[in-house]
Amino acid sequence: MNPEEEKKPTDFIREAVAEDLKSGRFSYVRTRLPPEPNGYLHIGHVKAFMIDYLIAKENNGELILRFDDTNPTKEETEFVDAIMEDARWLGIEWAKVTYASDYFDELYEWAKKLVLMGKAYVDDQSPEEVSANRGTFTEPGRNSPHRDRDVEENLDLLERMKNGEFPDGSRVLRAKIDMAHPNLNMRDPVMYRIIHEPPHHRTGSKWKIYPMYDWAHGQNDSMEGITHSLCSLEYRDHRPLYEWFPEQLGVFKPRQIEFARLNLNYTLMSKRKLRRLVEENHVSGWDDPRMPTLRAMRRRGYTPEAIVEFVQRMGISTVATSNAGVIADAAFLEACVRDDLNKHSLRRMAVIRPLKVIIDNYPDDLVEEMDAINNPEDPSAGARKVPFSKVLYIEQDDFRETPPPKYYRLHPGNEVRLRYGYFIKCTDVVKDADGNIIEVHATYDPATKGGDSPDGRKVKSTIHWVSAAHAQEAEIRMYDRLFTKEDPEEGEEGFLACLNPNSLEILTGYVEPHLASPEIGSRFQFERLGYFCADKDSTSEKPVFNLTVNLKDTWAKLEKKAK
RNA sequence: UGGGGCAUGGUGCAAUGGCAGCACACCAGCCUUUGGAGCUGUGGAUCUUGGUUCGAAUCCAGGUGCCCCAGCCA
């Protein structure tokens, strides 16, 4: 109908892919997702995942999920399953799952081919010698004394390395390029190193040598017919090497394109540091709702749609102003989450810091069923009945004995609306011996049932409530950012020093009867408070809700500003 | 210091030689049976110096600042 309406997202990578198709460099598009199975996926991974997935999809191509399992000392099967689970949750689909280790045999043949061509050699130098002879930024490296070993000897040594005849660290296979190259990656990079233990999670003890990233990754791309190998900025310097190998081998040459990684402020992505948070019990586990991992966000109540929308709206660039790549404002992610949840979540009433209200002129034993709308943003969500009676709980925040300026909520002499209930007016305040307010008394206007006054009288505030006799007690977990600093990563130990002591507050509140036994993982908006998600710790006696994200609170902002 | 990158409001991204725009945040207002949501509006940016051009965020040259690289990690 309106062809020029459809504005497709475009960026330098999509443009490059389109060009390659147009120029005939490639006749199809195939991307790959290369996670290393050594940790859980976090928000930073989502960007790369979506770029690889969507660019393939948009071009009627396919995505291969290939686990980069070239280092048995770091990788575990447990993470393979976790990564697939998280990726599926995001909505990512792949044509097939492969492993770098699937190609170990073929890769080894390719290595021998390079040896035969005189383009690779076995080096007997120790790791220290290799390092010392690599040179520095300003000085060229020195050739290894073994660099010009003849082909037969190289082949023999390589075979014996493979067979486990030599100890770890005693020899490596190196590409023979240029020890004086200004790009250090080209100074005879290591292709294989010897690793006897532990056994590999898929190939067991078959291999005693394992390929390095630079050798395995690019050749695997080539073997799989990957057209576009999209990776982060720090691989820019590896591109000459990425292109050198297939050039020598005369095999299919994929194109590598780099982009800036994604990070969030007030959190960190370092696997090592996240592990310390878990191991030192600063959080309850990898799925603690304060963690930046996808399983934590899922438990917290973030939707995959919101997370995907967030990375899409962030865009793609090559901006390189921080070692973490692009640092997104956590508030932006939260805005995306609110956007999604506002449209789709059911409204419920819950009181998280209860204050008892007694409506003195309401009949003692009367219970009325009030009509409440489930989602004003979505009429198809329908309505429900909520019980109303003489004794209610309201939010402590919704009452002040002596109200500050512009405070519209309940205070002595003031009338407010109980949402879907009645207008009530505060008549009295009851305190305990220490002066703490323990209950509030009020009168209601029977003519205002449902929340409208027939005389056209207005109130400035509407507050939520739960009938005490019908309330379900619930545990409410209120989360705040884990760190008090925007960049907790700076410094080695600094991140522990800036942990937010108030990142978790556990409250006992009351929720309306419809929330008594929620399905685990279901999401709701608690009216006027925020979005909450039913946690797996819920029991039949006591549901548990996690704060996903609060609602924007204009009054809190006003009050804060007044101070 | 050699090599590779990057510089646009507070943040993230656009503008592909032709009026610097969008989102989040911020501020003001409207509306409201959520002080929610929604709507309207304000303020605020091209790292710097020079050059080319009728015209430069964009092209050229110099400068400055920041990021990455000296793993047998990925």
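Only this structure's heavy atoms are used, side chains among them; waters, hydrogens and symmetry mates stay out. Throughout, protein chains are lettered first and strands after them, A, B, ... in sequence-line order, and every chain is numbered starting at 1.
- If you measure from atom CE of M314(A) to atom C1' of A23(B), you get 11 Å, rounded to the nearest angstrom.
- Between Y235(A) and Y213(A), the gap from one ring centroid to the other is short of 6.0 Å.
- Checked against U34(B), C72(B), C73(B), the side chain of V190(A) finds its nearest nucleotide in C72(B).
- S229(A) and R32(A) form a side-chain donor-acceptor contact under 3.5 Å, judged by distance and modelled atom types alone.
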Side chain to side chain donor-acceptor pair (under 3.5 Å), that's the test. Do E165(A) and N163(A) meet it? Break it down for me.
CA-CA 6 Å; E165(A) 290 186 30; N163(A) 293 339; 4.6 Å; no
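- The side chain of S317(A) contributes no N or O atom lying less than 4.0 Å from OP1 or OP2 of G12(B).
- Summarising the geometry, the separation between OH on Y420(A) and C1' on U34(B) is reported as 8 Å, rounded to the nearest angstrom.
- Taking a cutoff of 4.0 Å between a charged side-chain nitrogen and a carboxylate oxygen, E159(A) and K162(A) qualify as a salt bridge.
- Rounded to whole Å, the P atom of C59(B) lies 15 Å from the corresponding atom of G5(B).
- To the nearest angstrom, P of U32(B) lies 16 Å from CD of E377(A).
- Taking atom OH of Y266(A) as the reference point, atom P of U11(B) lies 13 Å away to the nearest angstrom.
- Nucleotide G71(B) holds its P atom 11 Å from the CZ atom of R187(A), rounded to whole Å.
- The distance between the ring centers of Y444(A) and Y422(A) falls below 6.0 angstrom.
- Between the C1' atom of C72(B) and the OH atom of Y210(A) lies a distance of 14 Å, rounded to the nearest Å.
- Remark: R481(A) qualifies as a cation-pi partner of Y266(A) under the 6.0 Å distance and 45° angle criteria applied to the six-membered ring.
- The shortest distance between the side-chain N/O atoms of N323(A) and the OP1/OP2 oxygens of C68(B) is below 4.0 Å.
- Look at G71(B): it lacks any Watson-Crick or wobble partner with both distances under 3.5 angstrom.
- Put simply, R142(A) has no side-chain N or O that comes within less than 4.0 Å of OP1 or OP2 on A70(B).
- Contacts between residues 235-245 of chain A and RNA chain B, defined by a heavy-atom separation below 4.0 Å, involve Y235(A), R236(A), D237(A), H238(A), listed by number.
- If you check every strand for non-hydrogen atoms under 4.0 Å, Q125(A) touches a base.
- Applying the 4.0 Å criterion to OP1 and OP2 of C72(B), one finds that S131(A) has every side-chain N and O outside that range.
- Residue-level contact check: T70(A) touches the backbone only, with heavy atoms under 4.0 Å from sugar-phosphate atoms and none from bases.
- Side-chain to base pairing of E258(A) with G4(B): no donor and acceptor N or O lie closer than 3.5 Å to each other.
- Checked for salt-bridge contact, D339(A) and R313(A) meet the test: a charged N lies under 4.0 Å from a carboxylate O.
- Candidate nucleotides A37(B), G35(B), G3(B) were compared by shortest atom distance to the side chain of P182(A), and G3(B) ranks first.
- U42(B) is unpaired under the Watson-Crick or G-U wobble criterion, no partner having all donor-acceptor distances under 3.5 Å.
- A salt bridge does not link R66(A) to D102(A): none of the charged nitrogens lies less than 4.0 Å from a carboxylate oxygen.
- As judged by a 4.0 angstrom heavy-atom cut-off over every strand, Y407(A) is placed among the base-contacting residues.
- Between the CE atom of M186(A) and the P atom of C69(B) there is a distance of 18 Å, rounded to whole Å.
- Checked by atom type, the side-chain pair E78(A)/Y40(A) shows a donor-acceptor distance below 3.5 Å.
- For R134(A) and C72(B), the shortest distance from a side-chain N or O to OP1 or OP2 is below 4.0 Å.
- Y407(A) and N414(A) share no side-chain donor-acceptor pair at under 3.5 Å.
- At the phosphate of G35(B), OP1 or OP2 sits under 4.0 Å from a side-chain N or O atom of R528(A).
- Residue-level contact check: Y408(A) touches the bases, meaning some heavy atom is under 4.0 Å from a base atom.
- Atom CZ in F524(A) sits about 18 Å away from atom C1' in G36(B), given to the nearest Å.
- Counting non-hydrogen atoms under 4.0 angstrom, P140(A) reaches nothing in the nucleic acid.
- A salt bridge does not link E395(A) to R409(A): none of the charged nitrogens lies less than 4.0 Å from a carboxylate oxygen.
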Pairwise N/O distances under 3.5 Å, protein to nucleotides 24-27 of chain B:
| from | atom 1 | to | atom 2 | distance (Å) |
| --- | --- | --- | --- | --- |
| C26(B) | OP1 | K557(A) | NZ | 3.2 |

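- Base pairing of G65(B) is made with C6(B), judged by Watson-Crick or G-U wobble geometry with both donor-acceptor distances under 3.5 Å.
- Remark: ring of F137(A) overlaps the six-membered base ring of G2(B) in a stacked fashion, centroids less than 5.5 Å apart, planes less than 30° apart.
- Shown here, A37(B) forms no base pair; nothing in the strands shown gives a Watson-Crick or G-U wobble contact with both key distances under 3.5 Å.
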